[in-house]
Protein chains: 2
Amino acid sequence: MPDIHASASDLKRSDLARLTGCNLETIRYYEGIGLMPDPPRTASGHRRYGTAHVERLSFVMRARDLGFTMEEIRGLLSLVDRGSHTCAEVERMGRHHLDVVRAKIRGLQAIETVLAGTIARCTGADTPDCPLLDVLNDGQRKPAPIERASE
Amino acid sequence: MPDIHASASDLKRSDLARLTGCNLETIRYYEGIGLMPDPPRTASGHRRYGTAHVERLSFVMRARDLGFTMEEIRGLLSLVDRGSHTCAEVERMGRHHLDVVRAKIRGLQAIETVLAGTIARCTGADTPDCPLLDVLNDGQRKPAPIERASE
DNA sequence: CCTTGATCCTGTAGCTACTACAGACCCTAC
DNA sequence: GTAGGGTCTGTAGTAGCTACAGGATCAAGG
């Protein structure tokens, strides 16, 4: 039967993982790179977490879900940890990230356009001629087979 | 002065890099993972490439530009190398990749929606209160007031 | 009290797709 | 002949985890 006191504080690593949805090993990783503070330990060296750790890790997870890089999350956390952050600062970081996200979307949409347009011309027949291969070969003929030296 | 014969065949690795726009080291990497065939060597061990290598690497580069993974590119190349590929096969791989690309777009658009909607409520003031931090601290309490694109 | 099985610990290797460097060798021009 | 590049190999580093090996420890059943 699970420890009834584990829901408030005194959490094991597996409890923290379960409560946050974070992978067990990732918690240790975040600790290693300094995103999560070193937790207190039992006499035998086992990590014990409290509600502050749950909140901290949840913050990291939500930032991660929004696509922030570890470096950006580190920046957000250090702003908050500093205790004197402003909405303007946070907004600036958010806007920068939004720009990155939108650039990624545009890049993928460009790919989608080419890919969808090309595949639409595919016959789906059992012939070697293929518009997609033509695009990959850049409008040229079929690739000349290379005699492979080894492998 | 550069070798005047280097444009047709007998290319050095740096020539191949220049002609394809591929990074010098990446060529060796592609050779290592078997995407590019082991090229012939001079007596002293220097790689020499021909036009077939240029075409092959260009194919890889274009597939890469379209976001295909190395594994997918390997699949495309092995189809072509087999010499008996069909448009249907290539199309199937292309459609699968297109699905992946579209899923990525949807994921990023969901992020964009939340991020843009949240940042729009930022005051940009010198106060610690910040809608973006609210979302990161507790995704439930103050969600962005915008309909979420499903998935 | 002892055993068993689950969980915890540490360190390290693996993943993708490169990129970069160190140190040795080679090649070409002057 | 020598100076400077280019090329060779192997290895390490990047992001962001994830997974395992091999040992220590914990919690419950007998």
Side-chain angles (χ1 to χ4, degrees), chain A residues 1-6 10-36 38-49 53 57 60-77 97 100 104 107 111 149, chain B residues 1-6 10-36 38-49 53 57 60-77 97 100 104 107:
Chain A
M1 187 165 283
D3 188 348
I4 204 167
H5 301 295
D10 215 31
L11 303 160
K12 289 175 293 183
R13 190 151 60 100
S14 57
D15 296 322
L16 185 58
R18 185 174 34 76
L19 286 173
T20 59
C22 186
N23 179 287
L24 187 72
E25 304 279 13
T26 305
I27 293 172
R28 200 158 59 93
Y29 170 70
Y30 286 162
E31 181 184 319
I33 65 170
L35 273 194
M36 291 289 290
D38 290 5
R41 306 279 188 129
T42 65
S44 61
H46 287 203
R47 293 167 177 82
R48 283 302 118 107
Y49 298 97
H53 295 97
L57 184 50
V60 172
M61 297 289 282
R62 276 187 287 264
R64 200 179 70 164
D65 287 345
L66 288 177
F68 284 96
T69 65
M70 288 300 108
E71 216 37 59
E72 290 171 320
I73 296 174
R74 196 190 297 277
L76 287 167
L77 285 171
H97 178 56
V100 172
K104 280 186 186 168
I111 288 174
Chain B
M1 190 158 285
D3 187 349
I4 204 167
H5 301 296
D10 216 30
L11 303 159
K12 289 176 292 183
R13 188 150 60 101
S14 57
D15 296 322
L16 184 59
R18 185 174 35 76
L19 286 173
T20 58
C22 186
N23 179 287
L24 187 70
E25 303 280 13
T26 304
I27 293 171
R28 199 157 61 92
Y29 171 69
Y30 285 163
E31 181 184 319
I33 64 172
L35 273 194
M36 291 289 290
D38 291 3
R41 306 278 188 133
T42 65
S44 60
H46 288 203
R47 294 167 178 83
R48 283 301 117 108
Y49 297 97
H53 295 96
L57 184 51
V60 172
M61 298 287 283
R62 277 186 287 264
R64 199 178 72 163
D65 287 345
L66 288 178
F68 284 96
T69 65
M70 288 300 107
E71 217 37 59
E72 289 171 321
I73 295 174
R74 196 190 297 278
L76 286 167
L77 285 171
H97 177 57
V100 172
K104 281 186 186 168

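What you see is a predicted model, and the numbers here were worked out from it, not measured in a lab. Residue numbering restarts at 1 for every chain, and letters A, B, ... go by the order of the sequence lines. Reckoned from all heavy atoms, side chains included, excluding hydrogens, waters and symmetry mates.
- Using a 4.0 Å cut-off between a side-chain N of Lys or Arg and a carboxylate O of Asp or Glu, A:Arg74 and A:Glu71 qualify as a salt bridge.
- With rounding to the nearest 0.5 angstrom, the CZ atom of B:Arg13 is 5.5 Å from the CD atom of B:Glu25.
- A residue-by-residue look at B:His46 and A:Gly45 shows that A:Gly45 has its nearest nucleotide of DNA chain C further toward the 5' end.
- Applying the 4.0 Å criterion to OP1 and OP2 of D:dT9, one finds that B:Arg47 has a side-chain N or O inside that range.
- Note that CD1 of A:Ile73 and NE2 of A:His97 are 8.5 Å apart. Values are rounded to the nearest 0.5 Å.
- Straight-line distance from the CG atom of A:Leu57 to the P atom of D:dG16: 16 Å, rounded to whole Å.
- Annotation: side chain of B:Leu24 is in contact with side chain of B:Ser14 (closest heavy-atom distance under 4.5 Å).
- The line from OH of B:Tyr49 to OG1 of B:Thr20 is 10.0 Å long, rounded to the nearest 0.5 Å.
- Summary of the strand contacts: B:Arg48 and A:Tyr29 both lie near DNA chain D, and taking for each the nucleotide with the nearest heavy atom, the more 5' one is attributed to B:Arg48.
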Could you list all N or O pairs between the protein and nucleotides 20-24 of chain C that sit under 3.5 Å apart?
from	atom 1	to	atom 2	distance (Å)
C:dC21	N4	B:Glu25	OE2	2.9

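- Each end of the helix from C:dC1-D:dG30 to C:dC30-D:dG1 yields a helix axis from five base pairs, and these two axes differ in direction by 30° (to the nearest 10 degrees).
- Considering only side-chain atoms of A:Arg13, the nucleotide from C:dC9, D:dC17, D:dC26 that sits closest is C:dC9.
- Rounded to a whole Å, the CD atom of B:Glu72 is 12 Å from the P atom of C:dT16.
- Protein atom CZ of A:Arg18 is 15 Å distant from nucleotide atom C1' of C:dA6, rounded to whole Å.
- Whole-Å rounding puts the A:Glu31 CD to C:dC9 C1' distance at 11 Å.
- Here the C1' atom of nucleotide D:dG16 and the CZ atom of A:Phe68 are 17 Å apart, to the nearest Å.
- With contacts defined as side-chain heavy-atom distances shorter than 4.5 Å, the pair A:Arg28/A:Arg47 qualifies.
- Distances shorter than 4.0 Å separate some side-chain N or O of B:Ser14 from OP1 or OP2 on D:dT7.
- Contact annotation: the side chain of A:His53 approaches that of A:Met36 to within less than 4.5 Å [non-hydrogen atoms, C-beta and beyond].
- Closest to the A:Arg64 side chain, of the nucleotides C:dT10, C:dC18, D:dC17, is D:dC17.
- In this structure, the nucleotide among C:dC9, D:dC17, C:dC18 sitting nearest to the side chain of A:Tyr30 is D:dC17.
- An OP1 or OP2 oxygen of D:dT25 is reached within less than 4.0 angstrom by no side-chain nitrogen or oxygen of A:Ser44.
- The nearest whole Å value for the distance from the CD atom in B:Glu71 to the P atom in C:dG14 is 17 Å.
- As judged by a 4.0 angstrom heavy-atom cut-off over every strand, A:Thr42 is placed among residues making no nucleic acid contact.
- The distance from atom NZ of B:Lys104 to atom C1' of C:dT16 is 11 Å, rounded to the nearest whole Å.
- Taking the charged nitrogens against the carboxylate oxygens, B:Asp65 and B:Arg62 have no contact shorter than 4.0 Å, which rules out a salt bridge.
- Only one option out of A:Ile27, A:Leu77, A:Leu57 pairs with A:Leu35 in a side-chain contact (heavy atoms from CB on, under 4.5 Å); it is A:Leu77.
- Counting to the nearest Å, the C1' atom of D:dT9 and the CD1 atom of B:Ile27 are 16 Å from each other.
- With hydrogens and angles disregarded, no donor-acceptor distance shorter than 3.5 Å links the side chain of B:Arg48 to the backbone of B:Thr42.
- Here the side chain of B:Arg41 is nearest to one of D:dC17, C:dT10, D:dT9, namely D:dT9.
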